[in-house]
Each structure stands twice: as structure tokens, then as C-alpha cells.
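The next block holds one structure in the form of C-alpha cells; read it before the comments.
Both ligands and their constituent atoms are indexed starting at 1 by order of listing.
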Amino acid sequence: MSNLYASVIIPRPLDGTFTYRVPEALHASIAVGMRVVVPFGPRRYLSGIVEAISPLPPADVSQLKDIDSILDTAPVVIHPQIKFWHWLSDYYMCAVGDIFKAGTPAGLRLESESVVDINPDAEPADIAALSGQLMRIVDIVRRKPQIALNDLAKLTGAQSVEAAVSQLVESGILVMHESIKSRYTATKIELVNIAIERGNSDALNAAFKAVNRSKAQQAALLSIIKLTGFNRPTEPQKPVAVTTVLEATPDATREHIKQLAKKGLVEITTREVSIFSALDDEAAAPLPELSAAQTAALQQVHQSFHNFAVTLLHGVTSSGKTEIYIHLIDYVLRQKRQVLFLVPEIALTTQLTRRLQRVFGRRVIIYHSRFTDRQRVDIWRNLLRSNEPCVVIGARSAVFLPFKQLGLVIVDEEHDSSYKQSDPAPRYNGRDAAIVLAMLHGAKTLLGSATPSIETYFKATEGGKYGLVSLTERYGQVALPQIDIVDLKRERERRKVDGALAIDTIAAARRMLADGRQVIFFHNRRGYSPRAHCRMCQFIPKCDFCDVALTYHRFGNFLQCHYCGAIYPVPKVCPACHEPTIEITGYGTERIEDDIAAKFPDSRILRMDLDTTRSKDAYANIIDKFSEHKADILVGTQMVTKGLDFGNVGLVTVVNADTVINFPDFRSAERAFNMLEQVAGRAGRRADNPGHVVIQTYQPGHPVIQFVCRHDYLGFYNHELMERRRYFYPPFARIIIITLKHRAADVVAHLAEDYANQLRQQLGNRVKGPIEPAVSRIASLYIRQIMLRIEPEASLTQVKAILRAQYLRFNSSPDTRSKIAIHYDVDPM
Ligand code: ADP
Ligand code: ZN
């Protein structure tokens, strides 16, 4: 009888994979991509993924253990996922176990420490139908909520319970603990129907009489009557989504519909909807008709796909890139292939997802970062099971889904730094990973942006690696907004500044508001005031755990560290000089909102920043309200820059451009240009509504400001490229940052020095540092960084081999081992 050996990927940050013997009883059922339970260390079990099966034994068979059991009847990880994982692990210098962990929902990765509970949504009937071991497990979990898998194994007496628990998790009877914390409720939809008898005109008259004092209730009732088909006796009467009613009735709110329900005129019900049936196919709208410029661009993209695996679509803001994406998606779906549509932050794309859903109905699959683990597993399983073409829209982690036949990858706003995961490992860039994923599928990639990253634009021009298609006009021949610069220094000298705003800026906003147009104020600092300090001794309150000044939040009246989240009371007296002279200065969005409320008492104001969008639907609610013109002014951080499409915005004000420009790293100019150009792009997006932008700054002559003023991307690109060449930064060098962290300042300083010197012996002056970063302590750990700049001609493989060897040497030496945390960040953002 022949032997079989399986190499198994384990969800541990360990390099490489582990080989196990396959017991004969499992020979027939094991396959690559299945999950198996394997012993790992003394008395511990893990589930891993079979990466390869071979009849050849490994070099050393003395330690070889047996696979315990197989969890699946079919692979859950499919070609080319494992190849993709290995590419990532190799390129980004992390363990393949880290990728496995980041790339699969926890529900597919049972570990001995995992904690399980009874699913509060479990059907009692399902539980009652259980028998044998499954019933025994559920009984134990009932008596001991939040029990760890290995304790559960001890109590059942079985050696490993993973297979059974996995089955119970997937049938919705148990949940992994993590998923309870973040239970996601948005898959419930609210429906409303007319509650009065159909055809009874007396009842109908009475109904309208009951609401004759409220215009909004009348309007809502009328909409519901129409939308449910109540008034068309030949058609069946169907409940309608509350959101649909609100869309059709601009003056009504959810509250008005509730009032109707109270009066017994309508009935509100909620229904659980699976993510896969949220929309009917009947919802499908026709493809948008393209303008001449868009048609030409679409043709060029198709052409470019013949010559290049990757194409950049450089289209100015509001040129209608989304419309072009929709046509491409349609083309690929018709070929029965899948599309991956990446966006920087899925929570910020309600407008875009709705636009896609309108056209592609339930072929749109949303992979949301706030989904529970159970929902992630659902999506995963669904993709494995189904052969229907679909378009998956998601943030960077969507690259890990089990695609069968990708035909196209779209990366929208490809320049966005949210594509980069900085912590924890894998520190990958979703855009670059997606390009590799597409190549593994033989699919094409389209990168889209109004402000492409310098690296991407270089590759699409001089670099000759990507195709380039440009769309230079806005849809409907709308002009790009005119930009006015307000020199804050001069205005202050002239005493023409009131709080955070120049008198001229206030006047411009007044004119717009008087015209019935909306206004956006952009400021990239949240909180009330970014600075608290002592007027007497200049003491600045800092975080106890981080090297960071605290931000004042007036709502709640506390100081907060924006790095680790720690909260502190505002000191009554200065901790240094003991005088009662602590002062709060500077502006955050919270204070700007206050300030604006005082200056524009008749305007309705919304604020959008991290603090106002913590709950699941908050973001969508703010966007909806502002699009429906239920507010006049929107104050917000970066969030307002991300691809939003508001038709009625007449003025966008950048309250202080300097907070965007003055960042101490080589990408700061690029980030500032992108952010300002994107903010400006929110203004005047309709032909009948030309837009206007005001940028307030202390540095009116700064090149970034000058290029933004002329909407001159190319000018900016050429200028920035020269700087990058001169100072040897990407695209003229590849960067790897080595970060070392430790609780003791002297230890990290000393070891970082050693580390850099050892590397220098082999890599010479490619090694810079170590330096103390701008924020040199976070969450009680002191930080040092070493920067590596590698010329494009050098062999990256060789450099990485040196880095790996150095890492291993350092981690295995008894003087340094376990003393210090070290990680590599390849292509940092
Ligand atoms: P971008 O993503 O390039 O900033 P959008 O795709 O958001 O631009 O388009 C800007 C606006 O113009 C949107 O409101 C969109 O609906 C509208 N628009 C663009 N192209 C068309 C078209 N072909 N037909 C109808 N409306 C269009
Ligand atoms: Zn802190």
C-alpha cells in the first residue's frame, strides 16, 4: 500500500507549510484546497488547508504526524488562490500563514482557542432535530456559554470536535464568538403595505381625512398606495420597501410612515433578506447611454486590453468613469466571467453600489468590511457553489475571495492609500495584489482615477508597462470648478478673518446658500480642537502611551489620543506649572461645525467624520440626507472627498490646506494634490450648476496649490516626478521600511543600530537610518525605522533573501530573541 503526504498551510505566522502523513482511511477523500484538522504542538489542534499531496515522503520523517480528520467534502480554497497566497507571502515578506489568516473568514479557520456560543438567531427546530455528538455539543455550549474549542473537546471526551463544530457553525446553530460582537442587522429590510381593505372607498376616504393635517403624511400615503399597486385592482398588492417610498417622496421621512402605521392605515413589517436576494432582477435598469467622449474612451479601453494586462483610465472628476465601468462589467458578465470591483472603503460607496445594483440587480455581491464572519462564510460558499457570472464589489480584502473565472478587475480611485494595509501583516496593497490576481486568471485590470498615483502614471507612460486612456472632459461638458485661493496670512493682517473662515469665504458661502445651492466645508482634523496647551508654560498634554499631543472633544468634554484612542479629562490646572491656564486652540471639524452654525443660523448643517459615522448606517444616512437636500451645509474630513456625487453643491471650501500639505514624508505632495483635487471635484457636477472652490492657506505660492488651481494633473506629475528622481524615491526606487518596536527606549535604539549596521555590510548605502519616526511611541512601544531604497535594476529576490536571513539571525540569537518586534513593510504608503 502506498503512502501519501500532505503539506498543510497553518494559520500561524510561521514561515512555510507543514507536512503530515495522510492516514489510509482518508486517502480517497482528501484533495488540495480542503480543510484538515492537524495536531500542532502538544495536545493542540488546528485546521489548515491542504496545499499539495504527494506520494513522496519529506526528507525527515521522524517527527511526522498524522492528519486527524478532513473537514470538507469539496475544496474551499480553489485554484489559483494558493498560488496567489504564495506570491503575496513572497512579495510582501510575510508568512503564508498570515495570508491564510487575513484571507479567509474565521469561520473557515477553527482553532483550539476559538470561542463558540449558541447563535441567538438559531431556529429552535433545527436544534431539536440534532442528534448524537452534535446534540451533546450544543448541550454543553448551552451550559457553558463562550466555551473554547479545546475545553469543549475535553468535555465531550472526543479528541477533536472541530469537524462537528464547523458543521454547527455553518448551519447557523453555533457562532464563533467574534461574530456575536459585530452582529450586522442591515440585511433586514423594512416593508410597508396599505392596511385598509382594497376597494373600500369609504375606508380610503377616511384614511385621507385622518392625514389631512400633514402634507408629508398625505404624500407618503399616496406614494404607498401607488407603489404597492393598491390602486390598480387588476394587479396583486405587494408590500414595498420603506426606502423606496422615501425615495419617491422627498418630503416624507420614516417618522411620517410610522405615524401612518400608528393610525392603522399602513402596516410595517421587517423581513430578513439574504445578501444574495436583496434585489429582484426586475430591478434591472438599462445600461447608461454614453457620451461621444465616453464611447471613445470605452473603445480605447477595449483596444488597450489587447496590448496590455493593465490599463489606466485617467478621467477628470465627474467625467463618468462609473458609466464606463458599467459597460465593461456588462461586457464581461455576458462572456460568463466574473468581475472584481475594488473600492477604497466599501462603507463609503453606497452611491456607487446602488448605481451598480440598479443595472446588475442580484448579480452584484457586496463584500462589506462590517459583515459578520457568518456572512463572509456565506459569500465564500456561494462563490464556490455557483457558476453564475457576478460582480463582487469590496474593499481590498475582497481579493481573497474564491473566484472561479475572473474576466476583469476594476480598481476605482487606484491612488487611494486605503488600498494599503499597514498593520497587521500581510502589509499588502490591494491594488497591486489585484493586478497579480487578475494575471493568474488571465483577466484584465482597469485602474481608474482622476489623480493617478505617480507610480501608476509613470508605468502607463514612460514606464511602458500599462496602457493609458484619458478622459479629459466632464460629462455634459460641465466646466471644472473655478478655484480661488484665500491667503490666510494676508487676510489676518487685514483683520478679515472670523474664526476659521475669511470674511470673503463666508460671503461666498452666503451667496451660494441664498441661491438655494449647497456648500461643503472640508477639514482633515476631527474633534473640536487639535491643540490643548498651557498659556503660561507652553506645556502640551500628551498621551501616556504614545508620543502624540491630545485632541480636545467638546461633546463629552475630554481629551483623546487619535493614535490609540485613550481618553483623558481636561486638566483644571496645568500639570507642569500648576496654573489654571490650560487653553484649547485650533480647529477640528466639531468646532468648525459650531462656528458655522453660529454664522449661518438659518442653514441646516450635517457633519461627517469618524465620530459621526461609527454606527453601521450613519454614513449612508448622512449622504442620503445631503443628496436629498435635507441639509444645506456638509462639514467633513477626507470622507467627503471619496467619489461622492452630489448634484447641487455650488461651493466647496478647504478650511486649511496647510494641514494637508505639511506632512513629513515623500508622498505628502502627492497626497495633498489628490485630496485637494478630489475635494474640488465635488463642486459643480451638473451643467446647470457651475461650481466654485475656495482654498484657504498660509502658503498660497506652494506648488501643490498652484497645480490644483489650474486642475493641472500633468504639470503636477512632471514636477513631482523630478523631485522623486532627484531624491531617489518611487518610481525610481523600491522602498522597504523595517520597523522595530520595544517597551524600552534604549533597547530599541541600540538594537535598531545593530540591525542597520549588519544590513549595511551587505546592502551598503541602500540602508538609511535608523530614524526615530515623527510619532516615535505608540501604545507604550518605542519605535525605530530603517529605510531601504533599492534601485529598480537590483534583484529584489536577492535583497529579500538578505533581509530574511538577517531577520532569522536576529530572531534566533539568544540576546535578541523575543525581546523586540520587527516587521518589514514592502512598498509602504
Ligand atoms: P466620476 O466617477 O468620473 O467622477 P461619475 O461616474 O460619478 O464621474 O459621473 C458624474 C455624474 O455624471 C454622475 O451623476 C453620473 O450619473 C453622470 N453621468 C456620467 N455619464 C453619464 C451618462 N453617460 N449618462 C447619464 N449620466 C451620466
Ligand atoms: Zn495614545
Looking at residues at least two apart in the chain, or sitting in another chain, which of them share a side-chain hydrogen bond (donor to acceptor under 3.5 Å, both in side chains) with Arg724?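 Once residues adjacent in sequence are excluded, the partners of Arg724 under the side-chain hydrogen bond (donor to acceptor under 3.5 Å, both in side chains) criterion are Glu670, Glu720.
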
[X] touching ligand 1 at heavy-atom level, < 4.0 angstrom:
X      : result
Ser319 : yes
Val316 : yes
Arg474 : no

Ligand 1 atoms in contact with Glu289 (distance to a heavy atom under 4.0 Å):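 Ligand 1 atoms under the 4.0 Å threshold to Glu289: 22 (C), 23 (N), 24 (N).
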
Numbered in order shown, the ligand 1 atoms found under 4.0 Å of a heavy atom of Leu290 are 23 (N)

Over 60° means perpendicular and under 30° means parallel, so tell me whether His719 and Phe707 are parallel, tilted or perpendicular. tilted

Parallel, tilted or perpendicular, judged at 30° and 60°: which one describes the rings of Tyr717 and Tyr713? parallel

Take Glu414 and Thr456 through the side-chain hydrogen bond (donor to acceptor under 3.5 Å, both in side chains) test and state the conclusion after the steps. CA-CA 9 Å; Glu414 66 82 30; Thr456 296; 2.8 Å; yes

For ligand 1, the portion of Gln294 having any non-hydrogen atom under 4.0 Å away: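 Under 4.0 Å from ligand 1, Gln294 contributes side-chain atoms alone.
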
With backbone taken as N, CA, C and O and side chain as the heavy atoms from C-beta onward, which portion of Leu471 lies under 4.0 Å from ligand 1: side chain, backbone, both, or neither? neither

Backbone or side-chain N or O of Thr317 under 3.5 Å from ligand 1 N or O: no

Looking only at N/O atoms, are Gly315 and ligand 1 under 3.5 Å apart anywhere?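 N/O-N/O distance under 3.5 Å: no.
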
Less than 4.0 Å between a side-chain N and a carboxylate O, is that true for Arg667 and Glu455?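 A salt bridge is present here (some side-chain N lies under 4.0 Å from a carboxylate O).
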
Does Arg431 pair with Asp827 as a salt bridge, N-O distance under 4.0 Å?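 Result for this pair is no, no salt bridge flagged.
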
Summary of salt bridge (charged side-chain N to carboxylate O under 4.0 Å, His left out) pairs that have at least one residue in residues 304-331, sequence neighbours excluded: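 Qualifying pairs: Glu323-Arg355, Asp330-Arg334.
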
